[in-house]
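The next block holds one structure in the form of structure tokens; read it before the comments.
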Amino acid sequence: MVTALPALTARTGLTPEQDQIRRTLRRLLAEHCGPDRVRAAAATAHGYDPRLWDRLSGELGLPGLAVPEAYGGVGCGLVELALACEETGRVLLPSPLLATSGLVTPLIIALGTAAQRDALLPDIAGSALTCALAVPGGLAVALGLIDDNAPGEWAGGGRSGGVQARPAPDGGWLLYGEAGQVLDGHSAGLLLVAARTGGFPRGRTLLFLVRAGAAGLTRTRLTALDETRPQARVQLRDCAAELLGDDGGDDGSGGGGGAEVPGALAAMGARAAALLAAEAVGAAACALERTVEYVRGREQFGRAIGSFQAVRHRLADLYVRVQAARSAAYYAAEHGDPADAGLALAQCLEAVRAVTADAIQLHGGIGFTWEHEAHLYFKRAAGDELLFGPVHRLRARAAETAGLFTGAYGPGGPREAAPGHDSGNGAPPGHDPRERTPLANGTGEEAPFASGSAGAVEAARAVR
């Protein structure tokens, strides 16, 4: 029979403070976040339980973990926030934690003026203010997870579309456009909106603060696959906004660190990827633990199904996946490298997808019912990959960042290839490895170059 797996939350190297955060949060969430309570909280107007959110703030300072102490926060780093996200991921907690602390707070700290930080960060740390990031082209592109975000087409860089900003007569700004799939956008007290300004030839992307209730702002909650991650459509019709940062533009298009916005979004995207990876690990670990518990008690042919060798091997494979994903997530949180974060997110999304799919199958007939809690975890896995993936594009972006497609000795690599020399990627000089390459078996068939494979990315890192 299957015995209980080793603790899936054990991790070496935790400081006493980090271990206390994990233990306290797990105990509190275990009391208030059963599957029925999670569904009930997700179905409320807020999309989460405000009283539990206030308690998490009061007892643990959860929304202020990554806010500096000077602004009333706890002043912890990314690892502590990743620990919190792993625990909230275990119970699929509906909360503004990711949208507020993971997406918006780092941008306010990085780009906001001293007055803006003084006005906003204390309220965020005290849970009085929740935030949402509204980007028109999708979070995965805007955060640089699956493509380069510098060109700005995702924000309306073309002649139309996205969100456009223009100076208002009173010296402020007016926004016009629409952003879809905004996490917690229907209930957030503050929206951070990415918009293009300065016209088509000289336009650039800036960030603007929009308060809830502003004239011209319409927010509509959407029906999402994952009900524990509420999403909204945000429409702005000449909506008054405040530029995040200083107005230092010399072309009338405003400043706010306009040249820094894509870089700041990409840096924040690496942080968010690490947090999402930790969340996915928590969800995968909990789904696996519940599956192990089920197969130990479910009998078939007079035996617990967990005693069958095929089931035991399957669970062992899933356990290895979860542990490897956890290592990748915390490596990304500790080091903060964008390429590492993208690869970690890809590995963790792949792990939670595999674990939750097998959890449904191993639960048998009851697992296939839509009301079973296994589907909550499966929908979280599918929803996150739709929002922040897909996995193969995350890996392809990491490969591109690592210089895999330019070749270790090619024009974009660290060293220039000698004339007539192999480019270092197994292809003849001048050959683009992304093109279709004949198979070596002589069949005449062709297959695309494996641009999204984990092995290729690891090989590129070894070359570097």
Side-chain angles (χ1 to χ4, degrees), residues 1-9 30 33-39 42 86 88-94 224-229 276-329 344-392 394-395 452-454:
M1 180 181 293
V2 171
T3 58
L5 292 175
L8 291 171
T9 54
C33 291
D36 292 337
R37 289 194 177 187
V38 166
R39 286 190 175 95
E86 182 179 353
T88 60
R90 285 180 59 86
V91 297
L92 305 181
L93 175 70
L225 173 65
D226 179 12
E227 58 195 286
T228 65
R229 269 208 212 285
L276 286 161
E279 266 195 358
V281 165
C286 189
L288 180 55
E289 288 173 2
R290 296 186 181 194
T291 304
V292 170
E293 182 181 358
Y294 177 79
V295 300
R296 292 176 67 193
R298 175 73 167 89
E299 291 189 358
Q300 189 174 14
F301 306 114
R303 298 172 54 185
I305 62 175
S307 65
F308 298 128
Q309 189 178 48
V311 174
R312 298 173 70 178
H313 286 180
R314 196 166 180 178
L315 292 172
D317 289 341
L318 295 179
Y319 175 78
V320 171
R321 274 182 178 265
V322 173
Q323 293 293 66
R326 175 176 283 110
S327 296
L345 179 58
Q347 183 170 352
C348 293
L349 289 178
E350 196 170 49
V352 72
R353 181 213 302 160
V355 170
T356 54
D358 277 6
I360 290 176
Q361 291 190 3
L362 290 173
H363 274 81
I366 191 174
F368 279 86
T369 59
W370 196 246
E371 295 79 10
H372 194 271
E373 63 187 65
H375 283 271
L376 287 175
Y377 289 89
F378 181 78
K379 287 187 284 187
R380 168 62 68 89
D384 277 2
E385 188 167 358
L386 288 172
L387 277 173
F388 302 102
V391 166
H392 72 274
L394 288 167
R395 287 191 169 132
S453 70

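Numbers here simply count residues along the sequence, with the first being 1.
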* To do: Applying salt bridge (Lys or Arg N to Asp or Glu O under 4.0 Å), name anything that partners R39, two or more places apart in sequence or on another chain.
  =>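 Partners of R39 under the salt bridge (Lys or Arg N to Asp or Glu O under 4.0 Å) test: none.
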
* **Residues that R353 engages under salt bridge (Lys or Arg N to Asp or Glu O under 4.0 Å), provided they are two or more places apart** =>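 For R353, the residues satisfying salt bridge (Lys or Arg N to Asp or Glu O under 4.0 Å) (neighbours in sequence not counted) are E385.
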
Test of understanding: with side-chain contact (heavy atoms from CB on, under 4.5 Å), list the residues that count as partners of [X], not counting sequence neighbours.
X	answer
R303	S307, F308
L386	L225
A328	A344, Q347

Are [X] and [Y] packed together at the side-chain level, in the sense that at least one heavy-atom pair is separated by less than 4.5 angstrom?
X	Y	answer
T356	I360	no
L387	D226	no
R321	D317	no
D384	R380	yes
E227	L376	yes

Quick one: [atom1] on [X] to [atom2] on [Y], what's the gap to the nearest 0.5 Å?
X	Y	atom1	atom2	value
R90	R290	CZ	CZ	8.0 Å
E279	L345	CD	CG	10.5 Å
L288	Y377	CG	OH	11.5 Å

Minimum heavy-atom separation for [X] to [Y], with atom names?
X	Y	value
A359	A287	CB-O, 4.4 Å
C33	L93	SG-CD1, 3.4 Å
A381	V352	CB-CG1, 3.7 Å
V281	C348	CG2-SG, 3.6 Å
V355	A284	CG1-O, 3.4 Å
A283	L92	CB-CD2, 4.1 Å

* Will you find, in the side chains of Q323 and Y319, an N or O donor that is under 3.5 Å from an N or O acceptor? ->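 Distance-only check passes for Q323 and Y319.
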
* Asked: Is it true that atom CZ of F378 has more than 12 heavy atoms of other residues, nucleotides or ligands lying nearer than 6.0 Å?
  ->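 Result for CZ/F378: open.
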
So, using side chain to side chain donor-acceptor pair (under 3.5 Å) as the criterion, who are the partners of [X] when residues are at least two apart?
X	result
T291	none
E350	R395
Q361	R314

* How would you list all residue pairs meeting ring pair (Phe, Tyr, Trp, His ring centres under 6.0 Å) that involve residues 344-366, not counting sequence neighbours? ->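 Found Y294-H363, H363-H372.
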
